[in-house]
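Since the structure comes first, as structure tokens, the remarks are kept for the end.
Residue numbers start at 1 and run along the sequence shown.
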Amino acid sequence: MTGKKTEGPSHRHQGFPMTDVLLIWPPHVPSYFNAGHHSPLYMVAGYLRRQPATGRVDTCEAGTLSMNWKGVGDLLHQGRYDVIAVMNDFDAVDGLERFIEYARELSPDSRLITFGRLSSLNHGFFRQFDLDAVVQSGDYECGVAEYVNALSRSGPPHIPPAGLPGVAVRQGEGWLEPVGHGGRLDPEQWVLPDIDEIPYQDYDRFYARDEHKFCGIPFRRELVVPAARGCPVGCDFCEVPEIFGLRERRLPVDAVIGYIRDSYDRHPFEYVAFYAPTFTLDRRWVRELCERFIEGPVSPRWKCATTIHHLGEELVALMGRAGCVRISVGLETLEADGQGGLPRSKRTEERKFCALAEWCDAAGIELNAFIIVGLPGTSAEGTARTIELARSVGARVRPTMYTPFHQMTADMTAQQVARFNRQLISGEAAGNATADGSAPRPEADARYAFLFGREDRLTSVHERIPQRTAR
């Protein structure tokens, strides 16, 4: 088991029993790895530990290729949790049904609730599984806590809680629909991940091979700082606005500095990854953070993701002086026909991207360009030109497949939903991905070559980050 055990009181809370909870990412083979996507597991755990109705809270990240089904079975059989909260994503559906079978067999009195990116986008899909509740909207912490607290109040285990904000609850053969949208927390209410329970050694293995184009930096230990939620840009291929809203919520600079200081004192981290949809959306906040880093004593190397529109030469230079080593931006495409479907602020001219590359080079920052393969209005030839231009100005390129999340439906199979993983052609286009059922048609094969072809341009940005421990 990876994770932390918090032993809760064995007494009853205001006349009701304390609720023991397991938060788990089921075993699966990840198609992509971003440690920031895994941070909600630990933030939900931290939030639950502050709830008066919660007893023991354990976490288990079984999706990092470090745990087998025997270990999962041991955990379920020995833990006997009141609630098992299963984190979901486009990868984790592969093992969801098997995990549920293990849980029902080995911990039959446990209630099963699921939360995560996929259930927030396609919540109806999860009603085909033997689950007791599904978090459909709002912050994950709010949904899971609503369910745990309702169970604590509801009395006998066989009585389901009533309708809850943002959470659908199974009742017999049907479902109680949510009572309104799920809650959203102010940043001051967030509980940042407890670094003592995160399997960093497993994360290191994913990031060691840069040819996979995962988000981390090879050969250096990463501290993820979840700095913001929500985004007003409104790209239709991005799940952030639908899940977390169009209004950005951002941690105070003091909270960020304090978390980094404490984490670096306790663990040999070597750089910080800011987990925020559009990191430079609030330029005043970024300037304040950079000035604090320059002043010290907290002065980490760090990286972030943002849009080209929300950057300027002066800001990039300041970020470089403050220790930034990588900026990731959504270039998406330079094809005019493809840019027509993007928000106006995401329509990038070649000269503007080239200028950004010059600013980053002068500031000692690696520029990482996200490219969308198969974006409507684009072609394989145009995608190749976009990638070549980006590489010609020194940018690292990370291609992903266009994923039309809006085409997902509740009646899809797990196999169909799993295709929406930003690597395979999905949605309506998937049905035409092959010409005869065996050989990929030329367009599909050309798209896959961008994602799965040989990569010989590997990053060297780790050389700009001092190493604190030998590996």
Minimum heavy-atom distance Thr378-Gly338, with the two atoms named | CG2-CA, 3.7 Å
Got a salt bridge between Glu358 and Arg351, using NZ or NE/NH1/NH2 to carboxylate O under 4.0 Å?
-> no
Is any side-chain N of the basic residue among Glu366 and Arg457 closer than 4.0 Å to the acidic one's carboxylate O?
-> no
Look at the aromatic rings of Phe214 and Phe33 and report parallel, tilted or perpendicular, splitting at 30° and 60°.
-> tilted
Any side-chain heavy-atom pair from Glu61 and Tyr42 closer than 4.5 angstrom?
-> yes
Would a line drawn from the ring center of Phe206 to the ring center of Tyr32 be shorter than 6.0 Å?
-> no
Return the set of residues passing salt bridge (charged side-chain N to carboxylate O under 4.0 Å, His left out) with Arg292 (not counting sequence neighbours), or none when no residue passes.
-> Asp254
Would you say Gln423 and Phe452 make side-chain contact, with heavy atoms under 4.5 Å?
-> yes
Step by step, work out the side chain to side chain donor-acceptor pair (under 3.5 Å) result for Tyr275 and His37.
-> CA-CA 9 Å; Tyr275 190 58; His37 292 344; 2.7 Å; yes
Parallel, tilted or perpendicular for Trp302 and Phe279, by the 30°/60° rule?
-> tilted
Evaluate the ring planes of Trp25 and His28, with Trp represented by its six-membered ring, and classify them as parallel (under 30°), tilted (30 to 60°) or perpendicular (over 60°).
-> parallel
Which pair of non-hydrogen atoms, one from Pro193 and one from Tyr259, has the smallest distance, and what is that distance?
-> O-OH, 2.7 Å
Taking the six-membered ring of Phe269, is NZ or CZ of Arg221 closer than 6.0 Å to its centre and within 45° of its axis?
-> no
